[in-house]
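Contents: one structure, followed by commentary.
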Amino acid sequence: HDFCRLKGLAYNRVLDQTGASLRDVLTEIAAVGRATPRHDGTRWGVVIDRPAELIVDHITPRNSWNFSCRRVYAERPHGFIVRFQDETNDFKETQRVIPWPGHTGSIDLTEALDLPGITDPVAIYREARRRMHEAELRPDVYEATQEGAVRVATRGDTLMLSHDVLSSVQRAARVKEVIGRRILLDDEVTMVAGREYGIRFRRIRAADTIGTSDVRIVACEPGGTDILTLAGTGPMPVADDLVLFGPAGKESIRVVVTQTEASEDMCTILRCVDAA
């Protein structure tokens, strides 16, 4: 409620649809609050599409397989046409043409956008523009399979994804040994002079199944090596930890889980999009 109140999100509609299921109605209402309904086995709740600081898990070639990334290439329209009941004009039906960000000139190629329950013209413009930004900033769908029918990550959770398919510099390796500020990996990584590199790893505390996702800068030693020296002070990984290596700030990408699916062999298929 507070999320919607603070952002001026409101659902105003007479629900008189014949034959509509409970999930369909909940989906329509939640969409106005930038959310989707979720049933946890006991009651209905929502998963809100909003930034999250908590990193629930890391996905790498070391703990997943069948990784894929797909992108749909489509011609962007010049704008959306949205029909709605205008609350500023006695709730009479009207339409608004909303141009695509960056488009100039006449609007000839359009698509209809349905935003049921929104009656504020300002909110119509804002939410339509948000859909456009989503299409531009989330063009990719990532998919990976992990072991176990039940995983810590669920729909709406934020993860860090590292895969050499996305970046040839990114590497995932296990820590074999830690001596002072130096860590020995079970795989070799490559560094180039003049560039800054970093690692990301998870620290699991007692009675905490998620832990924290920590980042450390690596002292650049040009060439291939399986020994990394961490710069400065801070938390250290321990033996057998999974380390994500890559350019500083780009050792992994932040993604959000949009769907989880149980496979026949007691594994879980995760589908994600960019969290940005």
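All values below come from the heavy atoms of this structure, side chains included, with hydrogens, waters and symmetry mates left out. The structure presented is a predicted model; accordingly, all values stated were derived computationally and were not measured. Along the sequence shown, residues are numbered consecutively beginning with 1.
Residues V122 and I124 fail the side-chain proximity criterion, which asks for heavy atoms closer than 4.5 Å. Side chains of F3 and I48 form a contact here, defined as non-hydrogen atoms less than 4.5 Å apart. N12 places none of its side-chain heavy atoms less than 4.5 Å from the side chain of Q85. In this structure, the side chains of F245 and M191 come closer than 4.5 Å at one or more pairs of heavy atoms. A heavy-atom distance below 4.5 Å is found between the side chains of L228 and V189. Looking at T27 and T36, their side chains never come closer than 4.5 Å, going by heavy atoms from C-beta outward. When side chains are defined from C-beta on, H103 counts as touching I107, because their heavy atoms get closer than 4.5 Å. Between V256 and V273, the closest side-chain pair of non-hydrogen atoms falls below 4.5 Å.
The two residues A128 and V82 come nearest to each other via the heavy atoms CB-CG2, 4.4 Å. Of all heavy-atom pairs between P116 and V32, the closest is O-CG2, 3.4 Å. Across every non-hydrogen atom of T268 and G148, the tightest pair is OG1-O, 2.6 Å. Contact between V178 and A239 at its shortest, heavy atoms only, is CG2-N, 4.4 Å. Considering all non-hydrogen atoms of both residues, P237 and L230 come closest at CD-CD1, 4.2 Å. Nearest heavy atom pair, residue P101 against residue R129, reads CG-CD, 3.8 Å.
T60 places a side-chain N or O within donor-acceptor distance of the main-chain N or O of R62, the cut-off being under 3.5 Å. A donor-acceptor pair under 3.5 Å links the side-chain atoms of N63 to the main chain of H58, judged by distance alone. In this structure, R216 contributes its side chain and A231 its backbone to a donor-acceptor pair below 3.5 Å. Panel note: side chain R34, backbone A30; no donor-acceptor pair is recorded below 3.5 Å. The backbone N or O of V47 sits nowhere less than 3.5 Å from a side-chain atom of R50 that would complete a donor-acceptor pair. Of the possible polar contacts, one joining the R138 side chain to the D274 backbone as a donor-acceptor pair under 3.5 Å is found. Using modelled atom types, no side-chain atom of R174 and backbone atom of D187 make a donor-acceptor pair closer than 3.5 Å. The backbone N or O of G211 lies less than 3.5 Å from no partner atom in the side chain of R202, so there is not a single donor-acceptor pair. Remark: the backbone N or O of F91 is not paired with any side-chain donor or acceptor of N89 at under 3.5 angstrom. The backbone N or O of K92 lies less than 3.5 Å from no partner atom in the side chain of D90, so there is not a single donor-acceptor pair.
Cluster annotation: Y197 and L242 are assigned to distinct hydrophobic clusters (Ile/Leu/Val/Met/Phe/Trp/Tyr, side-chain heavy-atom contacts under 4.5 Å, transitive). Cluster membership for V56 and I253, using ILVMFWY side-chain heavy atoms within less than 4.5 angstrom, is shared. Using a 4.5 Å cut-off between side-chain heavy atoms of Ile, Leu, Val, Met, Phe, Trp and Tyr, with links allowed through other members, V175 and I199 fall into the same hydrophobic cluster. When hydrophobic clusters are built by joining Ile, Leu, Val, Met, Phe, Trp and Tyr residues whose side-chain heavy atoms come closer than 4.5 Å, directly or via intermediates, F84 is grouped together with Y11. Residues F80 and L115 share a hydrophobic cluster, clusters being chains of Ile/Leu/Val/Met/Phe/Trp/Tyr side chains in contact below 4.5 Å.
The CG atom of L113 sits 10.5 Å away from atom CD1 of I81, with the distance rounded to the nearest 0.5 Å. Note that the CD1 atom of I183 and the OG1 atom of T229 stand 9.0 Å from one another [nearest 0.5 Å]. Between R200 atom CZ and S213 atom OG the span is 4.0 Å, to the nearest 0.5 Å. With values rounded to the nearest 0.5 angstrom, L159 atom CG is found 8.5 Å from L161 atom CG. For the atom pair CD1 of I118 and CG of D86, the computed distance is 13.0 Å after rounding to the nearest 0.5 Å. In this structure, CD in E147 is found 10.5 Å from OG in S263, a value given to the nearest 0.5 Å.
Around CZ of R83, the count of heavy atoms belonging to other residues, nucleotides or ligands within 6.0 Å does not exceed 12. Summarising the local packing, CZ of R5 is surrounded by more than 12 heavy atoms from other residues, nucleotides or ligands at distances under 6.0 Å. Counting heavy atoms of neighbouring residues, nucleotides and ligands inside a 6.0 Å radius, atom CD of E134 exceeds 12 of them. Environment of CZ in R195: sparse, with no more than 12 heavy atoms of neighbouring residues, nucleotides or ligands closer than 6.0 Å.
Looking only at atom types and distance, the side chain of R151 has no donor-acceptor partner in the side chain of T260 under 3.5 Å away. No side-chain N or O of T190 forms a donor-acceptor pair with one of R171 less than 3.5 Å apart. With no hydrogens or angles considered, a side-chain donor-acceptor pair links D24 and S21 at under 3.5 Å. For the 3.5 Å distance criterion, the side chains of E136 and W100 qualify, holding a donor opposite an acceptor.
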Residues E196, I217; criterion side-chain contact (heavy atoms from CB on, under 4.5 Å); working and verdict: CA-CA 8 Å; E196 193 174 48; I217 298 299; 3.9 Å; yes
Intermediate values then yes/no, side-chain contact (heavy atoms from CB on, under 4.5 Å), L185 and I227: CA-CA 6 Å; L185 305 178; I227 299 177; over 6 Å; no
I59 and M160: CA distance, side-chain angles, deciding distance, side-chain contact (heavy atoms from CB on, under 4.5 Å) verdict: CA-CA 6 Å; I59 301 179; M160 300 305 297; over 6 Å; no
side-chain contact (heavy atoms from CB on, under 4.5 Å) between V169 and E251, worked out: CA-CA 8 Å; V169 183; E251 80 293 328; over 6 Å; no
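The aromatic rings of F67 and Y142 sit parallel to each other, their planes meeting at less than 30°, with 60° as the upper class boundary.
Aromatic pair H39/W44: ring centres closer than 6.0 Å.
Residues forming a salt bridge (Lys or Arg N to Asp or Glu O under 4.0 Å) with R13 (at least two apart in sequence, or on another chain): E28. Under the rule for a side chain to side chain contact (heavy atoms under 4.5 Å, CB included), the partners of R271 that lie at least two apart in sequence or sit in another chain are E143, T258, Q259, E261, I269.
Salt-bridge annotation for D240 and K176: absent, with no side-chain N of the basic residue lying under 4.0 Å from a carboxylate O of the acidic one. Ion pairing between a basic and an acidic side chain is recognised when a charged N comes within 4.0 Å of a carboxylate O; E127 and R131 show no such pairing.
Applying the side-chain hydrogen bond (donor to acceptor under 3.5 Å, both in side chains) test to residues at least two apart or on different chains, the pairs with a partner in residues 157-167 are T154-D157.
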